Amino acid sequence: MSTDKKDTSSMEKLVSLCKRRGFIYQSSEIYGGIGGFWDYGPLGAELKRNLRDTWWRAMTREREDVVGLDATIIMHPQIWKASGHVDTFTDPMADCLLTKKRFRADHVDLQSGMVYHFTGATGEESTKSDVPFAVLTPFGKPRESALKVAKLFYESRGVKTPEPTGGEQGEKVENTRAYNPENGAQLTEPRPFNLMFKTYVGPTATEKDVAYLRPETAQAIFAQFRNVVDSSRVKVPFGICQIGKAFRNEVTPKNFTFRSREFEQMELEFFIKPDEAVEILAGSVVTWSEGADLSTPQPNWGWDMWHRYWVSQRVEYYNSIGLGTDVLDYYWQGPDDLAHYARACVDILFKFPFGTEELEGIAARGDFDLSQHQKHSGKPQEFFDDELKVAAAKLTDGQKEALIQKRIAFEAAKTKGTPLTEAEVRAWFDRLFKGFYVPHVIEPSAGLDRLALAVLAQAFTEEEKADVNGKTEVRTIMRLHPRIAPIKVGVFPLLKNKPELVGKAREVYDLLKKHMNCFYDETAAIGRRYARQDEAGTPFGVTIDFETLGEKGDELKDTVTVRERDSNAQHRVKISELLGWLLQRLA
RNA sequence: GCGGGUGUAGCUCAGUGGUAGAGCACUUCCUUGCCAAGGAAGAUGUCGCGCGUUCGAAUCGCGUCACCCGCUCCA
């Protein structure tokens, strides 16, 4: 995905503020830190909890069609075999010996030509090298071109004006991936990079006991699909969502918490009927067209309507926590980017200071995952749809055959993956007409740590302000949406040497703290306390002043000053109405 | 994993071989009448870590760890 502008300095400021105020620390810092792992401090822990809660509420509690799951991090290793992670997570890598450029060893273009094997080189000032090196040159090119590359190689190893030795005769080689296509230089032996963290279950720690820390939370949902269906009276279309840790042994963790080795995912697997089932039940299938109404799911929606629906739902969610359209972007994967089993995938991107990068991917994955588990476990992962069975029974043989022929034509037109044979299509429809199908899935998969970073980056604002002495200074304000702010309200007695103010302030604090995260502060001048809370992102400050005590007349007695972080506006609010006033603005 | 950069107080940074510093922040006290006021006192460092060179290392060398940038990777 794209990178537009880089803003390293604002990122550095954000990292610094995160540490200073207790949002995010480096893991294991006293031992020098450990790459790709980050801890959340007091404010960060609250922020993350709030984000987690808003997601959970939006995805399951406020919906009738999604249920939750909380599965283990370590699961049966077969799960990762079935999902493809054991194979595809192992990327063989090879480096160019000359330029150090790195290649996916299995992605290097196949080449043929003459290979010249050099055994070393001698040079001026008795510099020399015994390191062997080989160069591939296209057929028809002279040996000198190979020699030129070899000289560069030995020069880079400290040999002055080198004369490579050996390599007099070229060797004919065909279809090799062992040389850099750009310059012909030899690549290192491919080394595997498995991105899954490995561990051992049980005391013996043999190869038989190998297990993996999950690299995504999604597979647990698929693995428990049958149990959820059997125990919770859900009917397709419905979803299962989960929040939890996932682990990837990234080659290069970077951009603060953006790419970490341990991270938290928030995933939904939303199971839908195959389009053929929709067609049988509803008579026709609605497909996406620009401007279609996505507000309420309809029984005749095809998979792409559901996909678009979830994109719009997710965008609505981001808007609800303060990430508006101005900071979001989208990337629709083209046919070439898509995995063979995926039908569509859109990334919701956020404009981070280091570039526009993915917050969430929403993929239409067909029935790939459940089918894989059905195949590997030998346990059926079908859903039985009563209404479908009844509707299918009413179809004529001709209608049935028309559906089958349509699918056969669709399979024949496939350009990716292995198309189903006619026999397989007929077997699939045989099950479908009896009411059985493996549901298709729409998968909105979001990164919680990325979201936390996004809202922090979005909230980070600097303002120049003159202090009482007229000296301008830069102040940092974290304009976090009140719904996710770690501290909702700061409670301050105007002065701490007046026991009446302090006593009243403690009363107000005790009143509020049962309902929201509050912070009591009586140190330093009031302006400083406001400023501290601005950096923590606290949306409201409540100050107990002399009016509260009734010194300015009875009508102001038992009222407090409520100060808004973003506008500096002040309101007089009765203590008896304060809780309601705040709750209304935090909802 | 490769190349480049950085690492000194909580934060930002100065300090190029000779007793570890500044600003801000922090703690306590005084003061205080709404946006980082003022005064006084105080605490804070294995100069990222290890090894070496040296009479002596934050400073020089080697190694290592972490972070940043660029490659590479991101199923």
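Each chain gets a letter, A, B and so on, in the order its sequence line appears, and its residues count up from 1. Everything numeric in this text was worked out from a predicted model, so none of it was measured.
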Compute whether any side-chain donor of one residue and acceptor of the other, for A:Thr356 and A:Tyr331, lie under 3.5 angstrom apart.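 Side chains of A:Thr356 and A:Tyr331: no pair found under 3.5 Å.
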Does a donor on one side chain sit under 3.5 Å from an acceptor on the other, for A:Gln111 and A:Thr176?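 No.
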Give one of base, sugar-phosphate or nothing for [X], where a contact means two heavy atoms less than 4.0 Å apart.
| X | value |
| --- | --- |
| A:Leu495 | base |
| A:Glu535 | base |
| A:Gly36 | sugar-phosphate |

A:Asp534 vs A:Arg20, nearer the 5' end of RNA chain B by closest nucleotide: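 Going by which nucleotide is closer to the 5' end, it is A:Arg20.
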Looking only at atom [atom1], what distance separates [N] and [M], rounded to whole Å?
| N | M | atom1 | result |
| --- | --- | --- | --- |
| B:U44 | B:G10 | C1' | 9 Å |
| B:A58 | B:G45 | C1' | 11 Å |
| B:G18 | B:C13 | C1' | 23 Å |
| B:G48 | B:U8 | P | 6 Å |
| B:U32 | B:G39 | C1' | 12 Å |
| B:U28 | B:C35 | C1' | 25 Å |
| B:A40 | B:C47 | C1' | 31 Å |
| B:G1 | B:C60 | P | 27 Å |

To the side chain of [X], which of [options] is closest?
| X | options | result |
| --- | --- | --- |
| A:Arg532 | B:U32, B:C35, B:C26 | B:C26 |
| A:Asn255 | B:C69, B:C11, B:A36 | B:C69 |
| A:Lys496 | B:C67, B:U31, B:C69 | B:U31 |
| A:Gln26 | B:G33, B:C67, B:A37 | B:C67 |
| A:Lys19 | B:C11, B:C26, B:G70 | B:C11 |

At under 4.0 Å, does any side-chain N or O of [X] touch on OP1 or OP2 of [N]?
| X | N | answer |
| --- | --- | --- |
| A:Lys498 | B:G33 | no |
| A:Asn497 | B:C29 | no |
| A:Arg21 | B:G10 | no |
| A:Ser16 | B:U12 | yes |

With a 3.5 Å limit on both atom pairs, tell me what [N] is paired to, counting Watson-Crick and G-U wobble, or say none.
| N | result |
| --- | --- |
| B:U19 | none |
| B:G42 | B:C26 |
| B:A66 | B:U6 |
| B:G61 | B:C51 |

Any salt bridge linking [X] with [Y]? Criterion: basic side-chain nitrogen under 4.0 Å from a carboxylate oxygen.
| X | Y | result |
| --- | --- | --- |
| A:Arg532 | A:Asp521 | yes |
| A:Glu357 | A:Arg259 | no |
| A:Glu463 | A:Arg479 | yes |
| A:Arg20 | A:Glu535 | yes |

Tell me which residues in residues 256-270 of chain A put a heavy atom below 4.0 Å from RNA chain B, sorted by number, or none.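 The answer is A:Phe256, A:Arg259.
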For nucleotides 42-49 of chain B, 5' to 3', base contacts (B), sugar-phosphate-only contacts (S) and non-contacts (-) with protein non-hydrogen atoms under 4.0 Å give --------
Cation-pi check for A:Trp581 against A:Arg585: NZ or CZ below 6.0 Å from the six-membered ring centre and within 45 degrees of the axis, yes or no?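 Yes, a cation-pi geometry.
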Does any N or O in the side chain of A:Asp347 come within less than 3.5 Å of the main-chain N or O of A:Leu349, such that one atom is a donor and the other an acceptor?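 A pair under 3.5 Å: no.
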Donor-acceptor pair present, A:Arg563 side chain and B:C35 base, under 3.5 Å: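 Answer is yes: a donor-acceptor pair is held.
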For A:Glu264, the option from A:Lys48, A:Arg450, A:Arg214 that meets salt bridge (charged side-chain N to carboxylate O under 4.0 Å, His left out):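 The salt bridge (charged side-chain N to carboxylate O under 4.0 Å, His left out) with A:Glu264 is passed solely by A:Lys48 among A:Lys48, A:Arg450, A:Arg214.
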